[in-house]
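Below you'll find the structure, written out as structure tokens, and then a few comments.
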Amino acid sequence: MDIRSTLTELGDAFNAHDLDRIMAFFADDCVLEMPRGSNPWGSRFEGKRSVRDALATRFEGLPDVHYGDGDHFVEQPPIPACPDGSSPAPPPARA
């Protein structure tokens, strides 16, 4: 499966609030970081059970949450390496 198809399937699973389908995309030792939580950096969930429980709580708290239409993926060709094998510096941030 190509990356676009994978992301579309994952988005569909999230929008269906289908925890079984969602978790099929996660490894047993996965980590999910959420921007909100009791810590200044948000919340961190480690392991499949913890991630699943966190997502279940999110769906319970926001029963109509929807994650977009799935047509906004960014695809770009790989950045070529410099002749010395290093990666080029990223472009400067826009002000």
Side-chain angles (χ1 to χ4, degrees):
M1 183 179 294
D2 64 84
I3 188 66
R4 180 177 288 273
S5 297
T6 300
L7 291 173
T8 298
E9 287 292 322
L10 180 59
D12 290 347
F14 266 95
N15 287 331
H17 299 192
D18 186 334
L19 290 169
D20 290 333
R21 281 175 51 204
I22 293 168
M23 296 314 300
F25 290 90
F26 285 79
D28 290 337
D29 61 349
C30 62
V31 174
L32 176 67
E33 294 182 338
M34 304 283 279
R36 294 187 177 210
S38 58
N39 296 306
W41 59 84
S43 299
R44 180 180 172 95
F45 305 96
E46 298 182 33
K48 229 172 176 175
R49 173 52 53 194
S50 180
V51 168
R52 183 187 179 95
D53 292 347
L55 292 174
T57 298
R58 181 163 181 83
F59 293 148
E60 289 166 11
L62 297 166
D64 59 349
V65 68
H66 187 272
Y67 295 94
D69 61 17
D71 289 332
H72 294 94
F73 302 123
V74 175
E75 294 183 53
Q76 71 181 43
I79 298 172
C82 295
D84 66 0
S86 65
S87 294
R94 292 185 172 181

To check you understand the geometry: which heavy-atom pair defines the closest contact between Gly37 and Ser43, and what is its length? CA-OG, 3.1 Å
Does Arg4 offer a backbone N or O that forms a donor-acceptor pair with the side chain of Asp2 under 3.5 Å? yes
Is a donor on one side and an acceptor on the other found under 3.5 Å between the side chain of Asn15 and the backbone of Tyr67? yes
side-chain hydrogen bond (donor to acceptor under 3.5 Å, both in side chains) involving Asp53 - partner list, sequence neighbours excluded: Arg49
Quick one: sort the Phe59 and His17 rings into parallel, tilted or perpendicular, breaks at 30° and 60°. parallel
Cluster overlap Trp41 with Val51, hydrophobic side-chain contacts below 4.5 Å: no
Kindly work out whether a path of hydrophobic side-chain contacts (I/L/V/M/F/W/Y, heavy atoms less than 4.5 Å apart) joins Val65 to Met23. yes
Do Glu9 and Phe25 make a side-chain contact, defined as non-hydrogen atoms from C-beta onward lying under 4.5 Å apart? yes
Would you indicate whether the side-chain heavy atoms of Arg21 and Asp12 approach each other to under 4.5 Å? yes
Apply side chain to side chain contact (heavy atoms under 4.5 Å, CB included) to the pair Phe26 and Arg52, showing each step before the final yes or no. CA-CA 10 Å; Phe26 285 79; Arg52 183 187 179 95; over 6 Å; no
Residue pair Phe14, Leu55: steps toward the side chain to side chain contact (heavy atoms under 4.5 Å, CB included) verdict: CA-CA 9 Å; Phe14 266 95; Leu55 292 174; 3.8 Å; yes
So, taking the atom named CG in Asp18 and the one named CD1 in Ile22, what distance separates them when rounded to the nearest 0.5 Å? 6.5 Å
